[in-house]
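A short write-up of the structure that comes next.
Since this is a predicted model, take the numbers as computed values, not measurements. Labels below follow one simple rule: chain letters A, B, ... track the order of the sequence lines, proteins then strands, and each chain is numbered from 1.
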Protein chains: 2
Amino acid sequence: MTTRLDDLPGRRCSIAGALDVVGDRWALLVVREVSLGAHRFSEILRGTGAPRERLAARLTALVDAGVLERREYSQNPPRSDYHLTKAGRDLLPVLQALMQWGDRYVADVPPVELRHRGHRIQASWVCDVCGERVGRDTERHATHES
Amino acid sequence: MTTRLDDLPGRRCSIAGALDVVGDRWALLVVREVSLGAHRFSEILRGTGAPRERLAARLTALVDAGVLERREYSQNPPRSDYHLTKAGRDLLPVLQALMQWGDRYVADVPPVELRHRGHRIQASWVCDVCGERVGRDTERHATHES
DNA sequence: GCCACAAGGTTCGCATATCGAACCCACTCG
DNA sequence: CGAGTGGGTTCGATATGCGAACCTTGTGGC
């Protein structure tokens, strides 16, 4: 689970660390599918469109990374399904942010709507400490330099 | 700029569309670097740790995708640097979300702090419409099915 | 008992992508 | 004039990704 940041090229950075875990072509789509209720191999396969072998490898890697949990729901024949762990659920903001960007810049018609309380979500990052929107006025303080 | 959602495998989805643009290994790291003030090829090269040829290809693709803008700041010798477009700046929430996740689940010591108003940012995704946090109580309404 | 079919993968051989290292070109500086 | 810098391209080896076929353990139909 601990991908060492130091093994990655470039600036030492949690973004790079996160991408090392979920930054490949299929990982976030897998998380999306599981979060939408697709728990079985074949459902995730259909939803993502990934090649079978890639999907098998990704599922294993995501389980190893602590993003997914594999549950055996039948022993004969052996059958498992996949669920999000807390770490996996905590990726939902990433998906939400990507979706919002995709809706705006790549899709003509947003294909899926996220709703709650009866309206379509349009969300922003808000700082928990001061309650203001997180925007461009943030400073960055590197604590290390590579 | 218009990556057609329909050309992608799997479920028709803006997340997949966004990932088709910025979902490769280096794209988001490039956006991170540019947002941190690295505008020149060599700075981005150093910050990301990408191979030169990959970086050149990515920069071109990101310019074509409308995420970056290339500005020639010298003609003799020809020199350009790269800046975020509005679409590029709108990716910052994605980076913020990834960073927060990485800080939590992969880094031991968060290497970079995002600060504003003198404190470290700890942000949540908040719905603009109703002001509530976006959490797990969201419903998803598919408008199409593939 | 026999055949077809399903789930959840694994194996195979080929095609593409990615890699680091080396090279290139147009300048500038000393 | 020779070394150095910025911004790349080219090259050959390796890694990764791919679709198609196959495998295994079972279930249901007849």
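Put simply, CZ on B:R46 is 9 Å from P on D:dG6, counting in whole angstrom units. The nearest whole Å value for the distance from the CG atom in A:D24 to the P atom in D:dG17 is 7 Å. Following rounding to the nearest Å, A:L55 (CG) and D:dC18 (C1') show an atom-to-atom distance of 14 Å. Residue B:E43 contributes atom CD, which lies 9 Å from atom P of D:dG6 at whole-angstrom precision.
Donor-acceptor pairing under 3.5 Å, judged by distance alone, is present between the side chain of B:R52 and the base of D:dG8.
The side chain of A:E53 has D:dC18 as its nearest neighbour among D:dT25, D:dC18, D:dA21. The side chain of A:P51 has D:dC18 as its nearest neighbour among D:dT25, D:dT9, D:dC18.
Nucleic acid contact class of A:S74 (heavy atoms, under 4.0 Å, all strands): none. When heavy atoms are screened at a 4.0 angstrom cut-off, A:R70 is found touching the sugar-phosphate backbone but no base atom. As judged by a 4.0 angstrom heavy-atom cut-off over every strand, A:R79 is placed among the base-contacting residues.
The phosphate of D:dC18 has OP1 or OP2 within less than 4.0 Å of a side-chain N or O from A:W26. OP1 or OP2 of D:dA15 has not a single side-chain nitrogen or oxygen of B:R25 nearer than 4.0 Å. The side chain of B:Y73 places an N or O atom within less than 4.0 Å of a non-bridging phosphate oxygen (OP1 or OP2) of D:dG7.
Nucleotides of DNA chain C with any atom under 4.0 Å from a heavy atom of chain B span, from 5' to 3', C:dT18 to C:dC27.
Residues B:Y105 and A:V21 form no side-chain contact, since every pair of their non-hydrogen atoms from C-beta on lies 4.5 Å or further apart.
Residue A:V30 is tested with A:V67, A:L45, A:L59 for a side-chain contact (heavy atoms from CB on, under 4.5 Å); the sole match is A:L59.
Surrounding CD of A:Q75 are at most 12 heavy atoms belonging to other residues, nucleotides or ligands under 6.0 Å away.
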